[in-house]
Student: 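Submitted below is the structure of interest, expressed as structure tokens.
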Amino acid sequence: MPNFLEQYRYLWPQTNLQTATNWRTTEDKQVYLRDLPESLEELSNDSRWPGFFPSPICLVTTTNGSQIALEKVVGASIVNRFPYVLALSFCTQELSQRHHVRSAFTDMLESSGSVAVQFLPPGEELDQAMKAIATVPEEKTHSRIADTGLTAHKALTNDAPVFDSAYMVYEAKLVKPGKDFAGQPIYSQPWVDVGSHRVYFLEINAIQLRQDIAEGRSQILWRSLPGWQPQYELQKPLSVLGDSVEDSSYKKGYTPHYVFPSAGTIAFEADSVENGMAVKYLPPLPEDQVEVDNDRARWPCFFPSSAGMITSWAEDGTPNLMPCGSTTIVSRHPLVITPCISYAKINERYAPRVSLDIIRKTGKFGCGVPFINDVVIDAIKYAGNTSLAKDPQKIVRAGLQVEPNDWAPVLPALPIHFDCQVIGEVTLGTHIMFLGEVRQIRVRADVTPENPIEWLPWANIVRLNG
Ligand SMILES: Cc1cc2nc3c(=O)[nH]c(=O)nc-3n(C[C@H](O)[C@H](O)[C@H](O)COP(=O)(O)O)c2cc1C
């Protein structure tokens with residue numbers, strides 16, 4: 001990692017879990033456990049996330065016509081493919097100094113219904129924007145943009161301000177009621193209240209990408225998984241099974257060292273170039289957006305995301321694992337994790353998942369945190385391309401061991417695991433968002449402040465020579 005990026009690193013844990021109140025150790029001393037939800041008192045003392053989940057950060061602007069506003073969002077996530085929908089969650093309850101109501105911002109968002117979600121390269125301008133957010137209080141969000149000292153102009157499809165130094169912008173508006181491909185009504189409401197937060201569903205109208213990136217003269221580098229060094233064996237040796245089972249002709253590739261654009265990614269198909277930005281406009285109706293071809297159905301541009309390793313027990317006791325890129329945390333209290341799982345029959349890429357049926361029936365799932373490690377990356381590739389319907393020994397063949405845990409299968413190779421109770425689901429068009437309230441967190445004992453998980457929530461931009 002280049003030196004200048006070090007200041008953006010997030011390390012977890014910051015305190016020793018062995019001695020922390022609220023955490024206990026298993027008899028074999030291999031795992032720390034914490035039960036959730038915590039009391040409001042515990043929360044007001046320390047409302048940092050009690051367990052780490054890799055989340056990107058973005059800047060979001062909006063306007064009500066007379067004022068403009070700036071906020072940062074941790075864990076913005078693409079949650080549905082057709083229509084193309086982004087979820088942003090904002091705190092609606094006063095939990096602590098860190099987690100407080102963002103109503104000045106959300107009032108403006110709700111009045112205009114539109115936002116510009118933007119990304120600045122790590123460096124001085126990003127620091128100025130983050131400083132304005134940290135130092136100008138929420139009720140004065142309207143003066144934050146001036147406080148950044150940065151220049152801005154209006155977005156193309158709405159009036160939200162866009163920083164001149166943004167390298168990528170997603171313009172989006174609150175979703176309208178519609179129907180999915182099976183004729184089922186969706187989006188009777190453009191948001192859903194989940195615990196301490198309101199989750200807004202925003203349909204993407206336009207994507208702007210700096211021209212030099214769109215043309216491949218510069219590249220976005222995104223490390224989609226955290227780094228971590230296990231201090232003891234990842235798992236016990238596995239008995240070797242027969243060859244992998246080919247699930248389908250379509251294989252979704254995967255690398256945590258993502259480079260966009262590059263040979264392995266889709267090209268950004270711009271409709272026009274405006275102010276040095278290549279722009280792609282998205283048609284408003286999902287029927288006009290849908291791409292049946294597996295490759296063309298890929299996301300049309302980079303958006304930073306990580307992955308949750310979603311586990312569940314099938315009715316006959318078989319463990320299942322589904323790597324899920326559209327996984328994020330939407331609420332702090334209770335802590336709610338939301339994997340978005342495909343239910344629509346569009347092509348091999350977007351097909352109903354077995355995990356969907358299982359989780360609906362049991363109301364329970366686990367979410368493991370993957371990290372940069374060959375065993376884990378191979379497992380993501382296999383389990384992310386092979387349905388349990390084709391390979392009942394999927395997890396073992398993916399190269400992972402399963403530990404018995406009543407709630408959901410635990411993958412002992414992973415540093416963190418969340419046990420989640422489904423408290424609701426939202427139908428989004430091609431994906432179902434499960435709202436999973438975290439009931440217990442398990443952390444391997446070799447995750448310590450001296451040997452932390454290391455995460456970079458921002459992508460970096462590099463200029464290619466020549
Ligand atoms: C990196 C990666 C991310 C993925 N993200 C998602 C996702 O967000 N939603 C989804 O429905 N499928 C996603 N998939 C595909 C599923 O993991 C895959 O279809 C899996 O085989 C489903 O298993 P199941 O049918 O046994 O539940 C992803 C796959 C990979 C490799």
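As the structure lists them, so they are numbered: ligands from 1, and atoms in each ligand from 1. FYI, side chains are in, hydrogens and waters are out, and symmetry mates aren't considered; it's all heavy atoms of this structure. Because the structure is a prediction, the values reported are computed rather than measured.
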Student: Which option wins on minimum heavy-atom distance to atom 24 (P) of ligand 1: Lys394, Lys390, Met322?
Tutor: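 Minimum heavy-atom distance to atom 24 (P) of ligand 1 goes to Lys394.
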Student: Check this for me: Glu315, atom CD, are more than 12 non-hydrogen atoms of other residues, nucleotides or ligands nearer than 6.0 Å?
Tutor: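 Counting neighbours around CD of Glu315, 12 or fewer heavy atoms of other residues, nucleotides or ligands fall under 6.0 Å, so no.
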Student: Compute whether any side-chain donor of one residue and acceptor of the other, for Arg102 and His100, lie under 3.5 angstrom apart.
Tutor: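 Side-chain D/A pair, Arg102 to His100: present.
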Student: Which of the numbered atoms in ligand 1 are below 4.0 angstrom from a heavy atom of Ser326?
Tutor: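 Checking each atom against Ser326, I get 8 (O).
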Student: Identify which of His431, Lys381, Arg353 has a heavy atom lying nearest to atom 22 (C) of ligand 1.
Tutor: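 Checking each option, the heavy atom nearest atom 22 (C) of ligand 1 is found in Arg353.
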Student: Just jot down the ligand 1 atoms closer than 4.0 angstrom to any heavy atom of Ser387, in number order.
Tutor: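 In order of numbering, the contacting atoms are 21 (O), 23 (O), 24 (P), 25 (O), 26 (O).
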Student: Treating Glu269 as the side-chain partner and Pro300 as the backbone partner, does any N or O pair qualify as donor plus acceptor under 3.5 Å?
Tutor: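 No; zero donor-acceptor contacts below 3.5 Å.
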Student: Distance under 4.0 Å to a non-hydrogen atom of Val354: what atoms of ligand 1 satisfy this?
Tutor: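 In order of number, 24 (P), 25 (O), 26 (O), 27 (O).
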Student: Counting both backbone and side chain atoms, is some N or O of Pro323 under 3.5 Å from an N or O of ligand 1?
Tutor: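 Pro323 vs ligand 1: N/O contact under 3.5 Å present.
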Student: We want to know whether Tyr8 and Asn460 form a side-chain donor-acceptor pair, criterion being a heavy-atom distance below 3.5 angstrom.
Tutor: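 Short answer, no.
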Student: Can you confirm if the aromatic rings of Phe119 and Phe303 lie within a centre distance of less than 6.0 Å?
Tutor: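 Ring centroids of Phe303 and Phe119 are less than 6.0 Å from each other.
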Student: Taking distance alone, with no angle check, do Ser342 and ligand 1 share an N/O pair under 3.5 Å?
Tutor: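 Between Ser342 and ligand 1, an N or O pair is found under 3.5 Å apart.
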Student: Take atom CD of Gln229 as the centre, draw a 6.0 Å sphere, and report whether it contains more than 12 heavy atoms from other residues, nucleotides or ligands.
Tutor: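 Incorrect, the count does not exceed 12.
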Student: If only atom types and distance count, is the side chain of Gln118 paired as donor or acceptor with the main-chain N or O of Phe163 below 3.5 Å?
Tutor: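 Yes, Gln118 side chain to Phe163 backbone: donor-acceptor pair under 3.5 Å.
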Student: Should you measure from each heavy atom of Tyr254, which atoms of ligand 1 turn up under 4.0 Å away?
Tutor: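 Near Tyr254, meaning under 4.0 Å from one of its heavy atoms, ligand 1 has 1 (C).
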Student: Using distance alone, determine whether Leu388 and ligand 1 share an N or O pair under 3.5 Å.
Tutor: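 Indeed, backbone or side chain, Leu388 has an N or O that close.
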Student: Does Trp23 have any ring pair (Phe, Tyr, Trp, His ring centres under 6.0 Å) partners at least two apart in sequence or in another chain, and if so, which?
Tutor: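 Scan of Trp23 (ring pair (Phe, Tyr, Trp, His ring centres under 6.0 Å), adjacent residues dropped) gives none.
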Student: State whether the shortest distance between N or O atoms of Cys340 and N or O atoms of ligand 1 falls below 3.5 angstrom.
Tutor: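 So ligand 1 has an N or O lying under 3.5 Å from an N or O of Cys340.
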Student: Non-hydrogen atoms of Ala389 versus ligand 1: any pair closer than 4.0 Å?
Tutor: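 The answer is no, since Ala389 has no heavy atom less than 4.0 Å from ligand 1.
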Student: Does a donor on one side chain sit under 3.5 Å from an acceptor on the other, for Thr157 and Tyr281?
Tutor: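 Thr157 vs Tyr281: no donor-acceptor pair found between side chains.
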Student: In terms of atom number and element, which parts of ligand 1 are under 4.0 angstrom from non-hydrogen atoms of Ser355?
Tutor: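 Heavy-atom distances to Ser355 below 4.0 Å select 24 (P), 27 (O).
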Student: Would Ile380 count as being in polar contact with ligand 1, using the rule that some N or O on each side must be under 3.5 angstrom apart?
Tutor: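 For ligand 1, there is no N or O atom that lies under 3.5 Å from one belonging to Ile380.
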Student: More than 12 heavy atoms of other residues, nucleotides or ligands under 6.0 Å from CG of Asp28: is that the case?
Tutor: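 Counting other residues, nucleotides and ligands, CG of Asp28 exceeds 12 neighbours.
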Student: Please determine whether any non-hydrogen atom of Ala307 lies less than 4.0 Å from an atom of ligand 1.
Tutor: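 The answer is no, since Ala307 has no heavy atom less than 4.0 Å from ligand 1.
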Student: Ion pair present between Lys280 and Asp271, side-chain N to carboxylate O less than 4.0 angstrom?
Tutor: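 Result for this pair is no, no salt bridge flagged.
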Student: Within ligand 1, which atoms have a heavy atom of Ile341 less than 4.0 Å away?
Tutor: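 Near Ile341, meaning under 4.0 Å from one of its heavy atoms, ligand 1 has 11 (O).
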Student: Pull out every atom of ligand 1 sitting under 4.0 Å from any heavy atom of Asn320, numbered as shown with elements.
Tutor: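 Here the atoms of ligand 1 in question are 24 (P), 26 (O), 27 (O).
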Student: Got an N/O contact under 3.5 Å between Ala383 and ligand 1?
Tutor: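 Yes, since at least one N or O of Ala383 sits under 3.5 Å from an N or O of ligand 1.
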